[in-house]
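Reviewing the structure listed below.
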Amino acid sequence: IILIVFAYLLIPRFSGSVMLTECRMLMGKAKNSISSNDIPSARSLYTEARGIYGSLSPDEKREVYGELMDLYNRLR
């Protein structure tokens, strides 16, 4: 029973961190696209990352906000 409770408490945090990792991966790919002058691809990747950003917890949002805004400023 203790293991079930532990798993129940751990799974939401793990899935959130997976989304954070996905968001960071997309932002990294967007930066690479900008470096390669592939702006349409960078914009698409930024849009995907922004969509994931909306589902992150407040703490996770704080972790990636600066990087996401940097991408936004480079793409506008």
Side-chain angles (χ1 to χ4, degrees):
I1 296 175
I2 293 173
L3 182 60
I4 293 170
V5 171
F6 179 74
Y8 176 77
L9 295 173
L10 183 62
I11 289 171
R13 290 186 187 136
F14 178 74
S15 65
S17 65
V18 168
M19 296 305 288
L20 179 61
T21 301
E22 179 73 15
C23 186
R24 286 184 168 147
M25 182 194 68
L26 290 167
M27 290 188 295
K29 287 182 178 182
K31 286 180 181 181
N32 289 338
S33 293
I34 290 170
S35 296
S36 301
N37 288 323
D38 185 0
I39 303 306
S41 178
R43 284 192 174 122
S44 175
L45 291 161
Y46 165 79
T47 301
E48 285 185 63
R50 191 183 67 209
I52 290 173
Y53 175 84
S55 69
L56 298 177
S57 72
D59 288 337
E60 291 171 328
K61 286 180 178 179
R62 277 191 283 282
E63 286 186 43
V64 295
Y65 178 80
E67 190 175 352
L68 195 63
M69 288 307 298
D70 178 53
L71 275 174
Y72 170 79
N73 289 325
R74 292 170 71 181
L75 290 169
R76 61 180 177 142

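None of the values given here were measured: they were computed from a predicted structure.
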Original post:
Is the shortest distance from a Lys or Arg side-chain nitrogen in Glu63 or Arg24 to a carboxylate oxygen in the other one below 4.0 Å?
Top reply: yes
Working to the nearest 0.5 Å, report the span between [atom1] of [X] and [atom2] of [Y].
| X | Y | atom1 | atom2 | value |
| --- | --- | --- | --- | --- |
| Leu20 | Ser55 | CG | OG | 10.0 Å |
| Tyr53 | Leu26 | OH | CG | 15.0 Å |
| Lys29 | Ser36 | NZ | OG | 13.0 Å |
| Leu56 | Leu68 | CG | CG | 9.5 Å |

Original post:
So, Glu60 side chain and Ser57 main chain: donor-acceptor pair closer than 3.5 Å or not?
Top reply: yes
Original post:
Where the side chain of Asn73 meets the backbone of Met69, is there a donor-acceptor pair that is under 3.5 Å apart?
Top reply: yes
**OP:** Write down the atom of Cys23, the atom of Ala49, and the distance for their closest heavy-atom approach.
**Re:** SG-O, 3.6 Å
**OP:** Taking all heavy atoms of Ala42 and all of Ala30, pick out the closest pair and write down the distance.
**Re:** CB-O, 3.6 Å
Less than 4.5 Å apart, side chain to side chain, heavy atoms only: is that true for [X] and [Y]?
| X | Y | value |
| --- | --- | --- |
| Glu48 | Ile52 | no |
| Glu22 | Val18 | no |
| Lys31 | Arg74 | yes |
| Leu71 | Leu45 | no |

Original post:
If you count the non-hydrogen atoms of other residues, nucleotides and ligands that lie under 6.0 Å from NZ in Lys61, is the total more than 12?
Top reply: yes
